[in-house]
Amino acid sequence: MTTPRVERSPILEQIAADFAQRVESSNGHFTPELSTLRRAAFDEFQRLGIPTVRHEEWKYTNLFPLLAKGFHLPPHHTEQPSLDAVLAPLRRWGRVVPLLNGRLLSPDLEQDLLQPLSEAMRNQRWFERLGRLAPFEGNAIVAWNAAFFADGFVLRVTNEQTEPLVAVSVLDAREGNVAVHERHLLDIAPGASLVLVLVQRVLGEGEALLNQVLEGWIGENASLTLVIVQDAPQTAHAITTHELELARSARLELITISIGGGFLRNMPSARLVGEGADAQLYGLTLADGSMLVDHPTTVEHRVANCTSNELYKAILDGRSTGVFNGKILVQPNAQKTSAYQANRNIVLSSRATINTKPQLEIFANDVRCTHGCTVGRLDREALFYLRSRGLNKQEAEALLLAAFAEEITATVPIETLRTDLNAHIEHLLHADELA
Amino acid sequence: MAEPILRIRNLHARVGETEILRGVNLDVYAGQVHAIMGPNGSGKSTLAAVLAGREDYEVTDGEVLFDGKNLLDMNPEERAREGLFLAFQYPVEIPGVSTATFLKTALNELRKHRGQEPLDAMEFMNLMRERAALVKIDPAFFSRSVNEGFSGGEKKRNEIFQLAMLEPRVAILDETDSGLDIDALKIVADGVNALRSPERAFLVITHYQRLLNYIVPDVVHVLYRGRIIKTGPKELALELEAKGYEWVTETDEVAL
């Protein structure tokens, strides 16, 4: 990894000014230890600067045009906006946990299951975990988050949660463009299980950037299904860092559905540290206009006898950009690893681009790792076959694309969410611009 | 006599620089079954593809009237909606699209074109069950992806099943017998025979006479080098089987 050159841009100056004015003055919200940590994170962020395209890992994903829009920390409101209209449709998917500008608004949930991060930080046990999976050292995005996070949640699951939780990040952009930094911790106790949906909503006409960092531990024989739903209008932008550690025989399914939004960069990472652990990562991108969707994924096999599988698919139209960078790391001890990765892309427009790169680093000798990627157009034979049965060109294309997408949405274990996603996708595929 | 349902006049078509059809003339009337035979490379499958509207072929001359309308001006879906059906020689696998979804979409398009209401789920399911029985297709196939993982015989039966569902006025069977064992061939032929009607015509394209033992044609044509060089009654197929294509092609070359 190369160290990026520090960009002394007006953007960084503005972010520093925000830090001085807002964060320092609101430190009462946090413990002194946490305030110290935030100060150190800010210094690190200033040292590293905003990653530029000269940084290998940001080569195809330029943050500067996004940040040039000018994002500010959200203003403090004493009066809370009504979120009913935003939250009502999401209640179909599970129990809704709303966050407004990074702060939890969920008094009805049990304290031992869910609490604000700022409160949990008073407990040394939780404080010690902060940054253990996502340290800010050397990582500008995490450092930026650690310096600025408004708050977040700590979720501790000790049994089988039959009802999915739907954490809704509501960003209030009614008075202009906002950047919200959220920080979450997740602990799935041995044998417990959880389905967690993360979704973003924007209030108002402004644009909103969410910088979300989540650190999660999945205990022995525990299971986590994490569904990241990115279906908001193009004024919603997100940079997500989801660091997950899997103990013995733990199971992770991470499903990212990116079918709406402007600038989306998702950095999931699964670390398999207990034998028999299994990580499944799925991604679907459906991009049009000037949307950018970047998935740098990391799967790290640290011990023997673990399995992982990745399937990321993208349909790109308009001037959209897709990026997939799939890193699989197999450490020397991780014998009998089985790791698969596939990236399949359909490019519908000559102005759309896809950059895809598998990155396998294998230091053990008795492993099975495969990867493959395809970039293509729709199958002409299949199109002709469908048309010869009476479907018009647009219907035939939409049917083939929906089938391509459904392989990913089929992995979503919540039926109502799956139905909504498929309907949304079908609507997008029948819209004039796509296909 | 009534007008032919399909009238092909002086049809010329090429792919790239190679001229494949070099003046095909053919009149097909409703209720008839026409067999088109010929050696490999004679243009049989090209004729089927041009009629169905495959874009790889360029029609350079001639015309095709389908029920009096200019077929060559229509795109593939318009031809299907007017009542033309091609049973593919190599049916395409379509992963992720179930046979039921596919056929429901296709059938409702056709019904819309005919000014009929779309079928509801129950009516559609009943129709599928009834028509699937014609070619002994297990209803379990309905939820499977179109042709995906099907055997050669299953794919061909699925083509005839689609034919039964979409009820075309002209059905072209492109080498439907290729790759079928005798049992599968009988199932396919029984299905086709059950679908013969005074309103419907069939164009059966085949290399071998074998299929015509089961689907008995009214007229047999021999296509050679892009032209129909001989037309006769069903016995012509038997004669070709006995004497080989040289019997007609040699005469043709002399005539040329």
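Everything quoted here is computed from the prediction, not taken from an experiment. So you know, we letter chains A, B, ... as the sequences are listed, proteins then strands, and number each from 1.
Heavy atoms of other residues, nucleotides or ligands lying less than 6.0 angstrom from CD of Gln234(A) number 12 at most. No more than 12 heavy atoms of other residues, nucleotides or ligands sit less than 6.0 Å from atom CZ of Arg319(A). For CZ of Arg380(A), the number of neighbouring non-hydrogen atoms (other residues, nucleotides, ligands) closer than 6.0 Å is 12 at most.
Of the atoms belonging to Glu407(A), not a single heavy atom falls under 4.5 Å from chain B. At a 4.5 Å heavy-atom cutoff, Glu82(B) makes no contact with chain A through either its backbone or its side chain. Looking at Arg79(B), neither its backbone nor its side chain comes within 4.5 Å of chain A, counting heavy atoms on both sides.
Comment: Glu55(B) engages Arg387(A) in a salt bridge, judged by a side-chain N to carboxylate O separation of less than 4.0 angstrom.
Tyr385(A) contributes atom OH, which lies 3.5 Å from atom CD of Glu159(B) (distance to the nearest 0.5 angstrom). Atom OG of Ser388(A) and atom CZ of Phe85(B) lie 7.0 Å apart (nearest 0.5 Å).
Interface residues of residues 89-109 of chain B toward chain A, defined by a heavy-atom distance below 4.5 Å and sorted by number: Pro91(B), Val92(B), Ile94(B), Pro95(B), Gly96(B), Val97(B), Thr101(B), Phe102(B), Thr105(B), Ala106(B), Glu109(B).
Arg389(A) has its side chain out of reach of Met165(B): every pair of non-hydrogen atoms, C-beta onward, lies at least 4.5 Å apart.
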